[in-house]
Chemist: 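Please read through the structure below; I'll follow up with questions.
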Amino acid sequence: MQIILSPAKKMRVDTDSLPVLDLPPFLERTGRLLDALRAYSPRELQALWKCNDAIAAQNIERLAHMSLTRNLTPAILSYEGIQYQYMAPGVLDRESLAYLQNHVRILSGFYGMVRPFDGVTPYRLEMGAKLSVDGARDLYAFWGDAMAQALARESDLVLNLASREYSKAVEPHLPPHVSFVTCVFGEEKEGKVIEKGTKCKMARGRMVRFLAEHQVETLDGVKAFSELGYSYAEEYSQDKIIVFIQKEC
């Protein structure tokens with residue numbers, strides 16, 4: 001089982017807490033994206049990133065001095081979003097961290113796909129960004145089936161804990177023998193499952209932590225998740241969708 005996650009916009013540098021074990025597998029392609037970004041003007045970059053002046057200035061500075069091979073942070077520590085806060089990898093034990101390295105793959109518009117202990121540097125480039133490189137109309141076309149084929153070589157089961165923006169860079173390209181199963185976290189309202197963005201991110205992070213701490217290898221193990229008030233809801237689940245409902249406190 002391989003677990004796919006979205007990255008986070010907010011990133012940090014931490015070269016001391018945990019070691020970098022390798023470089024990202026698609027680094028040559030990342031270099032081409034870096035060259036393309038550096039050819040943009042500051043105004044074009046801000047439009048591409050859809051951000052305010054302060055964030056644009058920070059990331060323009062990053063581009064100017066960016067190295068893809070030096071002063072790197074393990075990906076699992078570099079991303080700082082809500083999902084990663086609820087995963088809390090910095091306090092996981094050695095066995096749990098090994099599980100993350102073996103089973104978790106983080107999707108990225110800039111790196112394609114990284115393992116938790118691949119070294120990354122802070123960047124800003126969402127998968128949905130309208131960046132045309134090497135004749136590809138956007139990043140989905142640029143990455144093509146690369147991530148899906150890499151996942152298929154590792155497992156015949158992909159557990160989707162990523163947002164739609166990122167999961168659609170993988171799902172359409174998976175070969176038929178690979179099962180793609182999505183976890184949904186929501187609340188029950190008038191017979192329907194209602195998803196809320198922030199709560200979904202919290203649940204995804206806690207789910208990853210649960211899977212790592214319990215060394216889960218099967219979908220039955222995934223369904224045992226019962227943290228943050230969630231429990232498996234068989235009545236809403238389908239063959240390729242596992243639904244968890246959060247009960248009111």
Side-chain angles (χ1 to χ4, degrees), residues 4-15 20 22-85 104-151 162-173 197-198 201:
I4 59 170
L5 302 178
S6 302
K9 291 180 183 178
K10 189 176 180 182
M11 299 182 70
R12 68 189 179 111
V13 174
D14 181 348
T15 58
V20 167
D22 210 340
L23 293 174
F26 301 115
L27 203 59
E28 186 273 334
R29 293 192 187 202
T30 302
R32 282 145 57 192
L33 291 176
L34 177 57
D35 289 342
L37 290 171
R38 283 175 167 166
Y40 274 43
S41 70
R43 180 171 293 181
E44 289 171 329
L45 286 169
Q46 186 169 3
L48 178 73
W49 292 330
K50 298 179 181 178
C51 62
N52 62 35
D53 292 348
I55 292 175
Q58 178 191 46
N59 284 280
I60 289 168
E61 180 72 10
R62 284 173 172 172
L63 279 178
H65 300 95
M66 185 177 289
S67 169
L68 300 179
T69 58
R70 299 190 309 274
N71 299 320
L72 304 178
T73 299
I76 202 69
L77 293 185
S78 186
Y79 296 110
E80 280 197 295
I82 293 171
Q83 176 177 244
Y84 294 88
Q85 294 170 24
V104 170
R105 300 294 178 259
I106 303 169
L107 309 183
S108 163
F110 189 58
Y111 283 104
M113 185 172 72
V114 296
R115 296 156 298 201
F117 287 92
D118 287 346
V120 301
T121 191
Y123 66 91
R124 188 177 181 92
L125 188 64
E126 297 178 59
M127 187 66 75
K130 302 299 182 183
L131 178 64
S132 177
V133 180
D134 295 349
R137 66 184 182 278
D138 55 23
L139 291 175
Y140 293 107
F142 176 80
W143 288 111
D145 67 353
M147 290 174 274
Q149 293 303 319
L151 286 164
S163 67
R164 179 63 180 156
E165 177 185 355
Y166 287 90
S167 65
K168 71 179 185 180
V170 168
E171 184 179 12
H173 303 290
T198 298
K201 292 176 183 178

Chemist: Grab the two heavy atoms, one from Thr73 and one from Val20, that are nearest each other, plus how far apart they are.
Modeler: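 It is C-CG2, 4.0 Å.
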
Chemist: Taking it one step at a time, do Val104 and Ile4 satisfy side-chain contact (heavy atoms from CB on, under 4.5 Å)?
Modeler: CA-CA 6 Å; Val104 170; Ile4 59 170; over 6 Å; no

Chemist: Mind checking what makes side-chain contact (heavy atoms from CB on, under 4.5 Å) contact with Leu23, not counting sequence neighbours?
Modeler: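 Per chain and number, Leu23 pairs via side-chain contact (heavy atoms from CB on, under 4.5 Å) with Leu27, Thr69, Leu72.
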
Chemist: Could you check whether any side-chain heavy atom of Asn71 comes within less than 4.5 Å of a side-chain heavy atom of Val13, counting everything from C-beta outward?
Modeler: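 Asn71 does not reach Val13 side chain to side chain.
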
Chemist: Only pairs at least two apart or in different chains count here, so list each side chain to side chain donor-acceptor pair (under 3.5 Å) that has a residue in residues 129-138.
Modeler: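 Matches after skipping sequence neighbours: Arg32-Asp134.
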
Chemist: Are side-chain heavy atoms of Met113 and Val170 found at a separation under 4.5 Å?
Modeler: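 A side-chain contact under 4.5 Å is absent here.
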
Chemist: List the atom of Ala169, the atom of Met147, and the distance in Å for their closest heavy-atom pair.
Modeler: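 For Ala169 versus Met147, the nearest heavy atoms are CB-CE, 3.8 Å.
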
Chemist: Quick one: does Pro24's side chain get under 4.5 Å of Val120's, heavy atoms only?
Modeler: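 The answer is yes, as the side chains (C-beta and beyond) meet within the 4.5 Å cut-off.
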
Chemist: Return the set of residues passing salt bridge (charged side-chain N to carboxylate O under 4.0 Å, His left out) with Asp145 (not counting sequence neighbours), or none when no residue passes.
Modeler: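 Salt bridge (charged side-chain N to carboxylate O under 4.0 Å, His left out) check on Asp145 returns nothing, list empty.
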
Chemist: Thr121 side chain to Leu68 main-chain N or O, any donor-acceptor pair under 3.5 Å?
Modeler: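 A pair under 3.5 Å: no.
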
Chemist: Hey, are the side chains of Phe110 and Leu37 touching, using non-hydrogen atoms and a 4.5 Å cut-off?
Modeler: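 In contact.
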
Chemist: Looking only at non-hydrogen atoms, find the nearest pair between Ala150 and Phe26 and report the distance.
Modeler: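 Heavy-atom minimum between the residues: CB-CZ, 4.2 Å.
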
Chemist: Using salt bridge (charged side-chain N to carboxylate O under 4.0 Å, His left out) as the criterion, list what pairs up with Arg124, not counting sequence neighbours.
Modeler: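 Scan of Arg124 (salt bridge (charged side-chain N to carboxylate O under 4.0 Å, His left out), adjacent residues dropped) gives none.
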
Chemist: Check whether any side-chain heavy atom of Leu77 sits under 4.5 Å from a side-chain heavy atom of Arg12, and report yes or no.
Modeler: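 Contact flag for Leu77/Arg12 side chains = yes.
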
Chemist: Return yes if some donor-acceptor pair links the side-chain N/O of Glu165 with the main-chain N/O of Met127 below 3.5 Å, else return no.
Modeler: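 Answer holds: yes.
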
Chemist: Within a strict 4.5 Å, meaning less than it, do heavy atoms of the Lys10 and Tyr79 side chains meet?
Modeler: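 Answer no - side chains too far apart.
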
Chemist: Let's go through Val114 and Leu107 carefully: what are the C-alpha distance in whole Å and the side-chain angles of both, what is the deciding distance for side-chain contact (heavy atoms from CB on, under 4.5 Å) to 0.1 Å, and is it a yes or a no?
Modeler: CA-CA 7 Å; Val114 296; Leu107 309 183; over 6 Å; no

Chemist: Search all heavy atoms of Cys51 against all heavy atoms of Ala56 and return the closest pair with its distance.
Modeler: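 Residues Cys51 and Ala56, closest heavy atoms: SG-N, 3.6 Å.
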
Chemist: What heavy-atom pair brings Trp143 and Gly112 nearest, and what distance separates the two atoms?
Modeler: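 Minimum heavy-atom separation between Trp143 and Gly112: CZ2-N, 3.2 Å.
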
Chemist: Look only at the side chain of Glu80 and the backbone of Ala8, and say whether a donor-acceptor pair between them is shorter than 3.5 Å.
Modeler: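 No; zero donor-acceptor contacts below 3.5 Å.
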
Chemist: With sequence neighbours left out, which residue pairs that include part of residues 48-59 fulfil the side chain to side chain donor-acceptor pair (under 3.5 Å) condition?
Modeler: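 Every pair satisfying side chain to side chain donor-acceptor pair (under 3.5 Å) with a residue in residues 48-59: Gln46-Asp53, Asn59-Arg62.
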
Chemist: Just by distance, with hydrogens left out, do Ser108 and Tyr123 show a side-chain donor and acceptor under 3.5 Å apart?
Modeler: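 Indeed, the side chains of Ser108 and Tyr123 share at least one donor-acceptor pair under 3.5 Å.
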
Chemist: Could I get the full list of salt bridge (charged side-chain N to carboxylate O under 4.0 Å, His left out) partners for Asp22, not counting sequence neighbours?
Modeler: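 Arg115.
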
Chemist: Does any non-hydrogen side-chain atom of Arg38 lie less than 4.5 Å from one of Met66?
Modeler: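 Result yes, sub-4.5 Å side-chain heavy-atom pair found.
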
Chemist: Got a donor-acceptor contact below 3.5 angstrom from the Ser167 side chain to the Ser163 backbone?
Modeler: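 Looks like yes, one N/O pair under 3.5 Å.
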
Chemist: Does Asp118 reach the side chain of Pro25, with side-chain heavy atoms less than 4.5 Å apart?
Modeler: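 Heavy-atom side-chain distance check passes, below 4.5 Å.
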
Chemist: For Leu33 and Leu139, what are the C-alpha separation, side-chain angles and deciding distance, and is it a side-chain contact (heavy atoms from CB on, under 4.5 Å)?
Modeler: CA-CA 9 Å; Leu33 291 176; Leu139 291 175; 3.8 Å; yes

Chemist: Against the six-membered ring of Tyr140, is Lys168 placed for a cation-pi contact (under 6.0 Å from the centre, within 45° of the normal)?
Modeler: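 Yes, cation above the ring, under 6.0 Å and within 45°.
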
